[in-house]
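It should be emphasised that the depicted structure is a prediction, and the values quoted were computed from it without experimental measurement.
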Amino acid sequence: MRDADVCEAYHHWYYDSEVWKTTEFLGVSVQKSVSDLWNYQEILHELKPQLLVEFGTHAGGSALFFSVILRQIVSPHHILTVDVDHSLVPDAAKQDRDIEFMMCSSTDSSVADRIVDLRKQYSGPIFSILDSDHSKDHVIAEMKLLRAVTDRGDYMVVEDSNINGHPVLPGWGEGPKEAMEAYMREYPDDYRRDVRRETRFGFTFGPGGFLMRN
């Protein structure tokens, strides 16, 4: 069996078994691939962003993960995590002094305004991660919102571009991968793919979604 076939088979097993739904960080649900999480901490160590923007809080485990990692890398730092509902977030995440929970749609103009304000307080590049509504139109809107507030050297991860048959969850409908393709047709010079990171562990929940701002 070819290496590519082995990786895809493992990707299917990892996703379809839903083991990722049981992943926790310090007791808080994360629901991500553990290899992606390891990748993210390596990227953060290289990038050393003081500001990290997360679209899609869920239970807050990833925001907590990012804050704990950044605390070892750079000071000060700030996590802005955005979701329409924070009812699943436990006190362990809510009490982290470096996480700001913003409750609204990630495509609301107030999010862009808040990022602009935070960029005045926290220097250097930002790391943003898109993991909220996985519909094509929503992800395009998120990317366009960030387009106005990001600069050369910033880093974006678009998660769950593996769904709709890429290679998992066929029949989902157009989602993050199709959103990125449409965005790149409209703005072909905005980003370049970080293929080295994308292929680091053989599979990722965000194929094509490790992006560096030009």
Pair Tyr14 and Trp20, ring centroids less than 6.0 Å apart: no

Where is the tightest heavy-atom contact between [X] and [Y], given as atom of each residue plus distance?
X: Met180; Y: Gly209; result: SD-CA, 3.6 Å
X: Val158; Y: Pro176; result: CG1-CB, 3.9 Å
X: Ser67; Y: Asp96; result: OG-OD1, 2.9 Å

Single hit among Asp190, Asp151, Asp154 for salt bridge (charged side-chain N to carboxylate O under 4.0 Å, His left out) with Arg213: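 The option that passes is Asp190.
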
From CA spacing to verdict: side chain to side chain contact (heavy atoms under 4.5 Å, CB included), Asn162, Asp160: CA-CA 5 Å; Asn162 61 341; Asp160 294 280; 4.2 Å; yes

With a 3.5 Å cut-off and no angle check, do the side chains of [X] and [Y] form a donor-acceptor pair?
X: His138; Y: Ser106; value: yes
X: Glu198; Y: Thr204; value: no
X: His45; Y: Gln41; value: no
X: Asp133; Y: Ser135; value: yes

Pair Asn39-Phe210, side chain to side chain contact (heavy atoms under 4.5 Å, CB included): steps then yes or no: CA-CA 10 Å; Asn39 228 342; Phe210 288 70; 3.9 Å; yes

Return the [atom1] to [atom2] distance between [X] and [Y], rounded to the nearest 0.5 Å.
X: Gln121; Y: Leu51; atom1: CD; atom2: CG; value: 9.0 Å
X: Glu159; Y: Tyr40; atom1: CD; atom2: OH; value: 3.5 Å
X: Lys32; Y: His58; atom1: NZ; atom2: NE2; value: 9.5 Å
X: Met103; Y: Thr57; atom1: CE; atom2: OG1; value: 10.5 Å
X: Phe66; Y: His78; atom1: CZ; atom2: NE2; value: 14.5 Å

Any donor-acceptor pair under 3.5 Å from His134 side chain to Ser132 backbone: yes

Short N-O contact, Glu186 and Arg147, less than 4.0 angstrom: no

